[in-house]
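We use all heavy atoms of the structure for the numbers below, so side chains are in, but hydrogens, waters and symmetry mates are not. All residue numbers refer to positions in the sequence shown, counting from 1.
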Amino acid sequence: NTRDMSLLKVTSIKYTNTRRGIAYVCTTNITGLRICNDGHGGGTFLEGEYKLTKNYEHDGHLETWLESLIDEYENNLNL
């Protein structure tokens with residue numbers, strides 16, 4: 001089961017202030033698959049059922065790629 005990184009897109013973002021920073025949850029175009037950051041100094045990660053996340057989680061550049069999807073979404077909001 002190969003993945004096509006270009007298929008995953010951010011469709012919305014919700015930001016929340018925490019004591020240590022800003023948390024966010026991004027919905028994606030894949031139902032049940034979210035991009036998250038808990039705002040406590042950890043990395044950005046995928047959240048969802050294993051069947052949805054398994055094809056992405058062994059990528060050494062996952063966090064950078066997820067954040068680039070968020071940047072792309074935010075940049076398109078400013079058009």
Transitive ILVMFWY side-chain link Tyr50 to Leu62, under 4.5 Å: no

Nearest-0.5 Å distance, CG of residue Leu66 to CG of residue Leu46: 4.5 Å

Pairing residues for Thr27 by the side chain to side chain contact (heavy atoms under 4.5 Å, CB included) criterion, not counting sequence neighbours: Thr11, Ser12

Pairs involving residues 36-45, ordered by first then second residue, that meet salt bridge (Lys or Arg N to Asp or Glu O under 4.0 Å) (sequence neighbours left out): none

For Phe45, all residues meeting side chain to side chain contact (heavy atoms under 4.5 Å, CB included), sequence neighbours excluded: Cys36, Glu47

Distance in Å, Ile70 CD1 paired with Thr44 OG1, rounded so as to fall on 0.5 Å steps: 5.5 Å

Set of side chain to side chain contact (heavy atoms under 4.5 Å, CB included) partners for Ser68, sequence neighbours left out: Trp65

In one Ile/Leu/Val/Met/Phe/Trp/Tyr side-chain cluster, 4.5 Å: Tyr15, Val25: no

Gap separating the CG atom of Asn76 from the CG atom of Asp71, nearest 0.5 angstrom: 11.0 Å

Pairwise distance CD1(Ile30) to CG(Leu8) - rounded to 0.5 angstrom: 5.0 Å

Closest non-hydrogen atom pair, Thr18 against His40: CB-CE1, 4.2 Å

Interatomic distance, Asn17 atom CG to Ile22 atom CD1 [nearest 0.5 angstrom]: 5.5 Å

Contacts of type side chain to side chain donor-acceptor pair (under 3.5 Å), residue Glu72, not counting sequence neighbours: none

Cys26 to Val10 - nearest heavy-atom pair and separation: CB-CG1, 4.0 Å

Non-hydrogen side-chain atoms of Leu33 and Tyr56 separated by less than 4.5 Å: yes

Of all pairs that satisfy salt bridge (Lys or Arg N to Asp or Glu O under 4.0 Å), the ones with a partner from residues 11-33, not counting sequence neighbours: none

